[in-house]
Amino acid sequence: MSLGFSVEALVPRARGGGALRMGLVRLTDDEWLQPDFDREARVAAFDCWPESVVVLPEGEAAGREAAALVGVAGGLGEAARSVWEDLCVLMPASDGRYRLVGGAVAFPTDWRLADKLGRELTQVHAPIHGYAEQLASGVDHFMATMPAGAIFGRANWFVVASGEPRWMPEDDPADRFAHVTPDNAGQTLFVRCERQTLRRLPETGAVLFTIGIGAAPLDELSSGVVARVANAVAAIGAGEHERRAAPHYAVALAAYAARRATETEIAA
């Protein structure tokens, strides 16, 4: 089962509410990274935000291995400039728990590399409500047993107020979504997908985690995908609901999804 690369393809592969899950699928080499992308935008983002690349000493060899894997010389920063995906290197500490030891992250989704560098995975995912209780042990086991050469992928999504690949809002969510109404939600609400992959590097044994960003306004998505997003937002638990700023757009999203569904029924 392939993940695809578009928002339309990725949303059905992601969790649609309920308990957290990894939701991994096996990928081939040809399905690993985005084949066509805006190279100028990628390079410009790293030039604009040089702090987007930080590698701890223990991650440097893995960074060079990642660069060789994508066919460029240098380290993790050079590798990330040559592909659409942000790249993160994870390595086990003495207790076996994996830590984030390097990253080249030009297109983050509301997180800063400096805040997470050197931390183990439960700490990295601390803002996600339910991660420690529902997912941490499964992720730790998967990371410890993942074979070299295999590639696994998953997807998640967010509803945001911009289609820009870099999403680092600093305003109040109430202000951010104040302009959104059921009538204009198709143009003012965007589904932002993270296409994530995990691949163990055979030489260093590190795990290379990639994050490819895609975004589309609701009007460009099928009524089925819009309905799935609206239903999932309605089903998200309280803590996660607030983290995703859902109280500020959920009503407009639900009304827009209902109108799209009615229009689809009439057209049929």
Side-chain angles (χ1 to χ4, degrees), residues 1-7 9-16 19-37 55-56 58-72 74-105 107 109 116 119-122 124-125 128 131 134-157 193-214:
M1 179 188 297
S2 175
L3 275 180
F5 291 93
S6 68
V7 174
L10 290 170
V11 168
R13 299 284 185 260
R15 180 174 68 101
L20 298 177
R21 60 183 180 85
M22 291 188 72
L24 295 171
V25 298
R26 189 79 173 258
L27 302 176
T28 66
D29 278 335
D30 290 340
E31 297 168 327
W32 181 34
L33 300 176
Q34 177 85 32
D36 301 309
F37 59 94
V55 182
L56 298 179
E58 57 267 41
E60 290 179 355
R64 292 191 294 270
E65 187 178 3
L69 189 62
V70 299
V72 299
L76 200 64
E78 289 76 16
R81 284 173 173 260
S82 73
V83 299
W84 180 248
E85 289 78 3
D86 288 336
L87 306 178
C88 293
V89 172
L90 305 164
M91 296 194 73
S94 57
D95 62 0
R97 298 192 178 196
Y98 276 74
R99 298 167 56 241
L100 177 63
V101 297
V105 185
F107 299 154
T109 303
K116 299 180 183 291
R119 297 181 180 273
E120 54 93 5
L121 291 178
T122 301
V124 167
H125 292 96
I128 301 176
Y131 178 88
Q134 301 174 25
L135 208 55
S137 62
V139 171
D140 289 346
H141 176 75
F142 174 81
M143 297 289 287
T145 58
M146 182 171 53
I151 308 170
F152 297 89
R154 67 183 301 273
N156 63 17
W157 54 263
C193 283
E194 291 184 340
R195 185 186 190 272
Q196 304 173 348
T197 76
L198 293 149
R199 179 173 189 163
R200 188 177 301 282
L201 301 176
E203 294 181 10
T204 59
V207 171
L208 182 62
F209 178 58
T210 76
I211 311 166
I213 296 298

| Is the backbone N or O of Phe107 less than 3.5 Å from a side-chain atom of Asp86, with the two atoms forming a donor-acceptor pair by type? | yes
| said: To check you understand the geometry: which heavy-atom pair defines the closest contact between Cys193 and Val11, and what is its length? | reply: SG-CG2, 3.8 Å
| Donor-acceptor contact present, side-chain Trp84 to main-chain Ile213, <3.5 Å | yes
| message | Is it the case that the side chain of Glu85 and the backbone of Gln34 share a donor-acceptor pair, with hydrogens and angles ignored and the cut-off at 3.5 Å? | response | yes
| request: Could you grab the distance from atom CG of Leu27 to atom CG of Leu33, nearest 0.5 Å is fine? | output: 10.0 Å
| request: Compare all side-chain heavy atoms of Thr204 with those of Glu60 and state whether any distance is below 4.5 angstrom. | output: no
Between side-chain atoms of residues 88-102 and protein atoms elsewhere (two or more places apart, or another chain), which donor-acceptor pairs fall under 3.5 Å?
residue : atom : partner : partner atom : Å
Asp95   : OD1  : Arg97   : N            : 3.0
Tyr98   : OH   : Met143  : O            : 3.4
Tyr98   : OH   : Arg200  : NH1          : 3.0
Arg99   : NE   : Gly118  : O            : 3.0
Arg99   : NH1  : Glu58   : OE2          : 3.4
Arg99   : NH2  : Gly118  : O            : 3.4

| field | For Glu203, all residues meeting side-chain contact (heavy atoms from CB on, under 4.5 Å), sequence neighbours excluded | value | Glu65
| task | Sequence neighbours left out, what passes side chain to side chain donor-acceptor pair (under 3.5 Å) with Glu78? Give chain and number order. | result | none
| remark: Heavy-atom nearest pair, Ala67 first then Gly74, reads CB-O, 3.5 Å
| remark: For Ala104 and Gly77 the tightest heavy-atom approach is CB-CA, 4.4 Å
| message | Could you go through Arg199 and Asp29, starting from their C-alpha distance and side-chain angles, then the distance that decides it, and tell me whether this counts as side chain to side chain contact (heavy atoms under 4.5 Å, CB included)? | response | CA-CA 10 Å; Arg199 179 173 189 163; Asp29 278 335; 3.1 Å; yes
| Can you find a pair of side-chain heavy atoms, one from Leu69 and one from Trp32, that are under 4.5 Å apart? | yes
| query | Could you state the interatomic distance from CD1 (Ile211) to CD (Glu194), rounded to the nearest 0.5 Å? | reply | 5.5 Å
| Do Val70 and Leu87 touch side chain to side chain, with heavy atoms closer than 4.5 Å? | no
| Student check: side-chain heavy atoms of Glu31 and Leu3 closer than 4.5 Å | no
| note | With Thr210 as partner, the option from Thr197, Val83, Ile151 fulfilling side-chain contact (heavy atoms from CB on, under 4.5 Å) is Thr197
| message | Donor-acceptor pair, distance only, cut-off 3.5 Å: does the side chain of Arg195 make one with the backbone of Gly4? | response | yes
| query | What closest approach, in Å, do Phe37 and Ser82 show between heavy atoms, and which atom pair accounts for it? | reply | CZ-O, 3.4 Å
